[in-house]
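Following: one structure in structure tokens, then a few remarks.
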Amino acid sequence: MKIILKYILTNIQERKVRTAVMLLSILLSAMLLFVSFSIGVSYESAQRKMARGMAGSATVSVQNVTGGIYAGDIPTLPVIQTKAGILEGTSLYHENGYYETVDLLAADIDALNQINKPRLRNGGEITNFVGYQIILPDRFTSKYGIEKGDTITLQIGGSPIDFEVLEIAAYDTVFLRHTRGATALLPLETLKEILGQDNGYSEILIEAAGHTTTNDLISELRNALDTEKYRVSEIVNEMQIAADARQKSMPFFLISFFSLTMSIFIIYSSYKVITLDRLPVIGTFRSIGATKKAVTRILLLESLFYGCIGGLIGIPVGIFVLKAILQGMGKTLSQGIEIPVIISLPGAFLSFTVAVTVSLLSAWLPVRRASRLPIKDVVLGTVEERHIPHPLIVGIGTILFAISVFLPHLASGNMLYLAGGFSLLGLIAATILVIPIFTNILSGVFERIFGAIAGNEGRIAARNMKDNKNTTQNITLLFISISAIIAISVVGNFVTTYISDVFHGAELQGFADGRMEPEFVERVEEMEGIEKVLAVYVFENTIKTGGITFSRLEGTDNLEWYSSMLALKFTDKGLLGQAVASFGNKERSVILSEDCLQRTGFSVGDEILLSNGTEEIPYTIAGSFKSRATDVEAVIPAYCAVSDFGATVYDFLAYTAADPDAIMVQIRALFGETSNWSRTVEEFNSDALSTVGAFLEPMHTMTYFILLLATVGVINNLLINYMQKRRTIAMYKSIGLSNRQNRKMTLIEGASIGLIGAVIAIFVSYMEIQTIFLVAAPKISMLPELDLWTFLAAGGLGIFITLLGSVVPFMKSRNMKLIEEIKFE
Amino acid sequence: MRELTEKIVIEGKSIVKDFQLGDTRTRVLKSISLKVSQGEFVSIMGQSGSGKSTLLYILGGLDTPTSGAVFLNGIDISKLGDEKMSRIRRQNIGFVFQFYNLIPNLNVEENIMLPLLLDGKKMRDYKNELAEILEVVGLSDRRKHTPRELSGGQQQRVAIARALIGKPQILFADEPTGNLDSRTGADIMNLLQEINQESRQTIIMVTHSPEAAKSSSRIITVSDGKIS
């Protein structure tokens, strides 16, 4: 065993460049996979932290639908751990012509400390917090140069009020927010006095006791409270956060998929050469009695070494990269929150396992073949490459390609993901099979073209590509690398656009979320420059059908405007006109989102019974839709919302206007101190982009790793290419090929390989993108806009890398010793 | 066909060749001088490690001497640059190797035409020459086959045809039968002899085999780096 180990270690030591390339490819793959896993978990944790923000460990909020709420309104239940009353208000901070919204928050400090203790910058506790004192987050104070003990002036209800800065807190817990502006903490009595609030809190935040689930807590509270008077809602939708994190991790996993594919190819092609190199040794082993199994094991031990070392180094490198990425990400986030580095232990274990498995499996095929060769052939050096007839390969490749293209079209539900995975792998495998024949065909075409352009050298260079395994190997690796870069760029850009441009295609330019009386809407309609105003009734978690509650049901009479304002895409476009008419006629119609339709199992045309807990009223499903601009599940005519479910005030308003910003200022003024969330679409997108852009930045960073891996692969291939080709070059030189001619032919060959690789990659990546979006289609409502430039740039980059790589074999062959290369077979 | 004259085609003058093996510098050729006239068929023989192949490669311009000179038609080829030497290899020299050295993915006629193609000639202008040489080597019916599809003897015939297509002044052969069985080897030697006799092709061949050497008109024996 010692001798075998020594033999393996000597092999590794002697082939330094090859060892480095194989180790690097495994290391990068393990690292990318680990980062993909961990970034999803870290992202989820950061999202949860952001989503919880003010709520901390509280999971449920209770509000009085008509006014304030007292802590005593919530009965003492065993499922409740803590109740914290929160009072909210808004103010404006003005500094050097810049206005910033400062949301005011007050609470019983003891209760607040239990659910979400503010973290003071000096590490102390909040004490003697009374009167006109204020606690501000460090992000706000550092922005305006405010120090502890300073006095700041806030405009509240139009009046300036001075506050002494008691403490400066870290930008987390209650101070964390999703939108622009800042949150400030005031003494409870002071805010009550300023707001003139004498009927309790704005809301009560509730922390569940022990292992009580959020759903159980909500259910118990709804049973104990008068649901007509109190609104019980979940603060953070954990499932939604997990789903969001999954969605945002998708590009990272796509990167891992491609990096693994490249690693497999790099190791497989390296091992093909290694086993060829080792044939004399294999022959010696076999001739002295080693079994096929023993030879396989000896050779696989070496690949196990690469897998283990690459995997073991890849994970710490991954931790380092993850930290760097998340640190950069936190800094770029507009909210400036700290993103925790969550090291996914299952992710680390899986990455290591995958590194070892990929290394072993990729080496196994060539090793198994070498160990099975007849001893006589190996010893005498008469081993010939197995020749599989072209028609069979092309046939298998074509069938596999066709199956890979069509399978995702035929699958649905969870099978769609399986079909998508098969399709991505199948497209790559089928292309690898077809590349040799495709190269042969193009070689014939190039022979004429290059012959005309570059003379006989061009003709020979093109002819040389025919039936040339080195060439097909180079094209294969190049196509995998380029298609990976294209697919990752397209998917990455799409995710950025998809998340940061939620209102893509929607007509609305601004919206307001808050309680709005009909008079409020009338005043908006009268504002100068206003074009369209769409006011909507909203029912959150109140309207049911059977045992299913709609998370959001809205009421509007103008379905046509509603549809264009919120970019509703009807599943059956023909039904839109019919639905618009039935809404206009105040018929009891309802349209459902596709997700809701799937969730409830209803079909268009079904009659369903809607209820708010009192009576059940029949509605006909007039259509289904998909929309990115709204998460509404059901829409009914506004007339019915009033008559059947007692809607009195609007909760949402969308508008278009000549100057959306000017309208927004006026709408905010109309709301005054009333709680609202009003944004122009531009403002909203800008906030979303700064958040999402920061989250997606690492993806672009990881694309560079893919490029690095691709470069490693191409260099590896060119080295293999050179090693295998130097004898051929020597043969050419022995019959009169000059260095100038060699350079010309090498460059022509390099450019041709690059071009073929790029063309195949562009086509295959287009098909891969179709598959990816076919799989994602049920969850998204827009298709990517494919930018030709991305495809061409990636293709151009591939050609450039190959040309650059051609320099190495040319330089090395300039001074080659012809006799050494050609004398021995 | 050239006429046999006493013209010296190639001349080696005081050829010395040293090899560095680790720390040891070994003198393989110790000041060898020789002349070969046009139309001669010279066999170079000697034991393994005697330096016979090294001498052949130096005479053929595939290697350079440590000192001394090689004159081809009066031109010292041992000091030529890559471009000029490559042209000489294409136009004046043909080489046949023990292991054939054919380009595996090119077919028979493409392999044969390579030296002409590299010399900028058009394949269509040399159809007759190609047919003629294929006839000479007996491979007219194998012209579209790749080396993989040929036997060792056939591959060596392709190599001979390739070496001769440009009508070189000298054909160098390094153990042309070394990788063949005795019967096929004899066929190849007959072919070379035929070529030498019918077209007065100058041939310099390295061989171990006294049987093969019998085909030649002169035998040079290299021993311990010297012609004995």
Side-chain angles (χ1 to χ4, degrees), chain A residues 380-387 436 439-440 443 447 450-452 454-472 724-725 727-745 749 813-825, chain B residues 17 19 53-54 56-58 60-64 80-107 110-123 146-149 152 159 162-163 165-166 168 172 174-175 178-179:
Chain A
L380 294 177
T382 53
V383 173
E384 285 209 353
E385 287 247 12
R386 196 174 36 173
H387 185 69
T439 309
N440 282 357
S443 152
E447 216 178 316
F450 295 158
N456 283 349
E457 290 94 343
R459 194 168 286 123
I460 298 169
R463 179 60 188 79
N464 244 337
M465 287 160 47
K466 195 173 176 184
D467 290 325
N468 189 327
K469 290 201 168 176
N470 291 319
T471 304
T472 51
Q724 291 183 334
K725 238 184 113 175
R727 184 176 160 80
T728 311
I729 296 171
M731 289 181 202
Y732 270 108
K733 291 188 100 173
S734 73
I735 55 168
L737 179 81
S738 68
N739 282 334
R740 180 187 56 79
Q741 288 175 311
N742 185 27
R743 183 179 56 219
K744 194 171 167 185
M745 280 171 58
E749 227 177 299
S813 61
R814 268 181 70 158
N815 300 315
M816 70 174 11
K817 290 180 177 166
L818 290 183
I819 299 148
E820 279 179 25
E821 300 298 339
I822 57 178
K823 199 167 178 194
F824 303 104
E825 181 80 320
Chain B
K17 182 69 179 177
F19 282 122
S53 287
T54 306
L56 186 86
Y57 291 130
I58 289 173
L62 288 181
D63 203 354
T64 51
L80 291 179
D82 172 70
E83 195 66 39
K84 281 183 181 165
M85 193 60 232
S86 298
R87 195 183 319 126
I88 285 176
R89 278 191 208 118
R90 293 195 296 263
Q91 296 173 350
N92 303 85
I93 291 171
F95 245 105
V96 175
F97 300 94
Q98 182 181 356
F99 293 106
Y100 333 126
N101 284 355
L102 301 176
I103 309 296
N105 55 328
L106 300 185
N107 64 28
E110 288 164 338
N111 262 295
I112 293 173
M113 288 300 289
L114 263 182
L116 293 180
L117 293 175
L118 290 174
D119 209 30
K121 309 280 192 324
K122 289 195 168 66
M123 212 154 158
T146 57
R148 190 176 48 213
E149 295 160 336
R162 181 179 69 185
I165 188 75
F172 291 94
D174 183 18
E175 305 258 16
N179 202 36

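Letters go in sequence order (proteins before strands), and every chain restarts at 1.
Residue contact with chain A, scored on non-hydrogen atoms closer than 4.5 Å, involves the backbone of B:Leu116 exclusively. Residue contact with chain A, scored on non-hydrogen atoms closer than 4.5 Å, involves the side chain of B:Glu110 exclusively. With a 4.5 Å cut-off on non-hydrogen atoms, A:Ile460 touches chain B through its side chain but not through its backbone. If you measure heavy-atom distances from B:Leu102 to chain A, the contacts under 4.5 Å come from the backbone alone.
Under the salt bridge (charged side-chain N to carboxylate O under 4.0 Å, His left out) criterion, B:Glu83 pairs with A:Arg740, not counting sequence neighbours. Taking the ring pair (Phe, Tyr, Trp, His ring centres under 6.0 Å) definition, one finds that B:Tyr100 meets it with nothing, sequence neighbours left out.
At distances below 3.5 Å, at least one donor-acceptor pair connects side-chain atoms of B:Arg89 with backbone N or O atoms of B:Gly61.
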Worksheet item: Could you walk me through whether A:Asn739 and A:Lys733 pass the side-chain hydrogen bond (donor to acceptor under 3.5 Å, both in side chains) check?
Response: CA-CA 8 Å; A:Asn739 282 334; A:Lys733 291 188 100 173; 2.7 Å; yes
